[in-house]
Amino acid sequence: QVQLVESGGGLVQAGGSLRLSCAASGRTSSRYAMGWFRQTPGKEREFVAAITWNGGITYYADSVKGRFTISRDKLRNTVYLQMNSLKPEDTAIYYCAVETVSRGVRLGSSYDYWGQGTQVTVSS
C-alpha cells in the first residue's frame, strides 16, 4: 500500500501562484510515475501533469503547459506542482496519484493509489 497526502491548496486571485505538494509513504519502491489530476463537480477527473519517478520525464495537459511545473524530490518521496498564472478555470480539487507500472500517464485508470485531494480556488 502507498499513502499519499496532498497539501498546499487554497484561495488565490487570478494571476497568482500556488505550490501543491504530495508526500508518499508506505510501499513506494514500486513506482513508475506520479501524476496530478483535478476534478470539478459534475465533470470527470482531468489529467494535469505527470512525472516519471526515475527518469524525471514530464507530461502536461495542454491547458496548463507553460504555467504549471511538476517536479519530484526523491529523497523526500514528494512530488510538487508549481502553478503560476492561475485562472478561474483552474479551480478544482487536485489529486495526486501513483502509477506503479507504465500504462499511460495521462489516463486516470492507469494509477493505483490516490490521495484525498486538496482544494484550489482561483477568484477572478
Side-chain angles (χ1 to χ4, degrees):
Q1 290 287 338
V2 175
Q3 293 78 43
L4 301 171
V5 178
E6 300 106 330
S7 61
L11 173 64
V12 65
Q13 288 189 332
S17 299
L18 283 174
R19 188 176 83 151
L20 305 183
S21 300
C22 175
S25 61
R27 293 186 61 183
T28 58
S29 58
S30 178
R31 175 171 33 183
Y32 173 73
M34 292 187 70
W36 287 97
F37 289 74
R38 65 188 182 187
Q39 189 170 25
T40 54
K43 293 188 176 181
E44 290 189 0
R45 197 168 293 187
E46 174 189 25
F47 170 75
V48 176
I51 186 167
T52 60
W53 194 250
N54 288 327
I57 300 171
T58 57
Y59 304 83
Y60 295 96
D62 288 343
S63 59
V64 307
K65 200 174 294 183
R67 300 188 297 123
F68 291 10
T69 302
I70 189 170
S71 62
R72 87 263 195 253
D73 184 329
K74 298 179 77 174
L75 290 178
R76 289 181 170 81
N77 259 331
T78 299
V79 66
Y80 303 97
L81 186 68
Q82 177 67 43
M83 305 186 295
N84 298 328
S85 302
L86 282 161
K87 305 174 181 179
E89 51 263 44
D90 294 318
T91 295
I93 299 175
Y94 283 70
Y95 299 89
C96 83
V98 167
E99 182 186 32
T100 57
V101 295
S102 177
R103 304 183 188 98
V105 296
R106 298 178 184 271
L107 301 174
S109 58
S110 299
Y111 291 77
D112 303 280
Y113 301 99
W114 293 84
Q116 81 288 350
T118 185
Q119 176 71 47
V120 171
T121 303
V122 184
S123 63
S124 56

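Treat the numbers as computed from the prediction; the structure is a model and nothing was measured.
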Smallest separation among heavy atoms of S110 and G104, with atom names
OG-O, 2.8 Å
Have D73 and T78 got a donor and an acceptor in their side chains that come within less than 3.5 Å?
no
Taking atom CZ of R76 as the centre, report whether more than 12 heavy atoms of other residues, nucleotides or ligands fall under 6.0 Å from it.
no
Looking at Y95, is R45 sitting on its ring face, NZ or CZ under 6.0 Å from the six-membered ring centre and within 45 degrees of the normal?
yes
Hydrophobic clusters join Ile, Leu, Val, Met, Phe, Trp and Tyr when side-chain heavy atoms are under 4.5 Å apart, directly or via other members; which others share one with Y60?
V2, L4, V12, L18, L20, M34, W36, V48, I51, W53, V64, F68, I70, V79, L81, M83, L86, Y94, V98, Y113, V120, V122
Is any side-chain heavy atom of Y111 closer than 4.5 Å to a side-chain heavy atom of V105?
yes
Hey, is the main chain of Q82 close enough, under 3.5 Å, to the side chain of R19 for a donor-acceptor pair?
no
Would you call D112 and R103 a salt bridge, taking side-chain N to carboxylate O under 4.0 Å as the test?
yes
Are the side chain of T91 and the backbone of T121 linked by a donor-acceptor contact shorter than 3.5 Å?
no
For R67, does its backbone N or O pair with a side-chain atom of S85 as donor and acceptor, under 3.5 Å?
no
Sidechain N-carboxylate O distance under 4.0 Å for K65, D62
yes
The criterion is salt bridge (Lys or Arg N to Asp or Glu O under 4.0 Å); which residues satisfy it with E46, sequence neighbours excluded?
R38
Verify the distance criterion only: is there a donor paired with an acceptor across the side chains of R31 and N77 at less than 3.5 Å?
yes
Donor-acceptor pair, distance only, cut-off 3.5 Å: does the side chain of Q39 make one with the backbone of A92?
no
Do the two ring centres, one from F47 and one from Y59, sit under 6.0 Å apart?
no
From C22 atom SG to E6 atom CD, the distance as rounded to the nearest 0.5 Å
5.0 Å
Check step by step if side chain to side chain contact (heavy atoms under 4.5 Å, CB included) holds for Y32 and T100.
CA-CA 5 Å; Y32 173 73; T100 57; over 6 Å; no
Could you tell me whether the side chain of T40 reaches within less than 4.5 Å of the side chain of E89, counting heavy atoms only?
no
Kindly write out the residues that satisfy salt bridge (Lys or Arg N to Asp or Glu O under 4.0 Å) with K74, not counting sequence neighbours, or none if the list is empty.
none
